[in-house]
Amino acid sequence: MKNILVLINLNGKEKLLLEKAIEFAGCFKSKVWIVHITAPDPDFVGYQAGPQSERDFRATELKKEHELIQEYSDKLKATGIDVEGLLIQGPTMDLIIEESKKLNADLIIAGYQEHSFIYKAIIGGHSKNILKKSNIPVLLIPLD
């Protein structure tokens with residue numbers, strides 16, 4: 001198990017996922033890829049970019065997300081683990097599968113939370129979709 005891809009949402013529940021990644025990486029001497037997939041640019045999904053204030057706000061959000069991923073990466077590096085952090089914009093499911101192939105991931109670690117029927121109907125369940133579309137093992141960590 002050379003490469004472990006850890007999907008984080010930056011929702012404050014990453015600690016459990018990162019602890020599990022440390023555990024596996026320590027056992028297998030794996031490289032850990034911390035990946036956060038953020039919403040695509042408005043132009044990507046067919047919307048106007050909006051006023052400069054909105055673009056500035058989005059840029060500030062992306063900078064904060066990037067800094068947080070770097071902070072997590074630094075913490076894992078301090079434990080002696082080879083780690084890289086990635087912030088990627090775009091459609092979540094497509095990018096998860098694409099990145100797992102590109103990084104030659106041997107394992108995907110992701111969080112799982114139970115959601116209401118309405119949430120599932122509108123947003124969908126990423127964890128379930130990862131299981132359906134992935135050709136590599138997926139470890140789901142309950143976050144509830």
Carboxylate-amine/guanidinium contact E23 K20, below 4.0 Å:
yes

Q | Any donor-acceptor pair under 3.5 Å from D106 side chain to N3 backbone | A | yes

Are any of the side-chain nitrogens in K64 or E61 under 4.0 Å away from the carboxylate oxygens of its partner? no

ask   = Hey, are the side chains of L107 and L5 touching, using non-hydrogen atoms and a 4.5 Å cut-off?
value = no

Closest non-hydrogen atoms of T92 and I37, given as atom of the first, atom of the second and distance, are O-CD1, 3.7 Å

Tightest non-hydrogen contact, residues I130 and A110, listed as CD1-CB, 4.3 Å

Decide side chain to side chain contact (heavy atoms under 4.5 Å, CB included) for I34 and E84; before the verdict, give the C-alpha distance in whole Å, the side-chain angles of both, and the deciding distance to 0.1 Å. CA-CA 6 Å; I34 299 173; E84 296 269 343; over 6 Å; no

Distance col, row L95:CG vs K102:NZ, nearest 0.5 angstrom, shows 8.0 Å

Side chain to side chain contact (heavy atoms under 4.5 Å, CB included) with H36: of V6, I88, L10, only one passes, and it is L10

* Without swapping roles, check the side chain of N9 against the backbone of N11 for a donor-acceptor pair under 3.5 Å. => no

The reported gap from CD1 in I8 to CD1 in I69 (rounded to nearest 0.5 angstrom) is 5.0 Å

If you define the side chain from C-beta out and look only at heavy atoms, does anything of D82 sit under 4.5 Å from V32? no

Of all heavy-atom pairs linking L140 and G111, the shortest is CD2-O, 4.5 Å

OG of S30 to CD1 of I22, rounded to nearest 0.5 Å, is 12.5 Å

Heavy-atom nearest pair, A105 first then I136, reads O-CD1, 3.3 Å

Mind checking whether W33 and I4 have side chains closer than 4.5 Å, heavy atoms only? no

Looking only at heavy atoms, the pair that brings S100 and I108 closest together is CB-CD1, 3.9 Å

Here the pair of heavy atoms bringing Y72 nearest to E14 is OH-OE1, 2.6 Å

Can you see whether Q89 engages T38 through a side-chain donor-acceptor pair at a distance of less than 3.5 angstrom? no

Using side-chain heavy atoms (C-beta onward) and a distance below 4.5 Å, is N104 in contact with K2? no

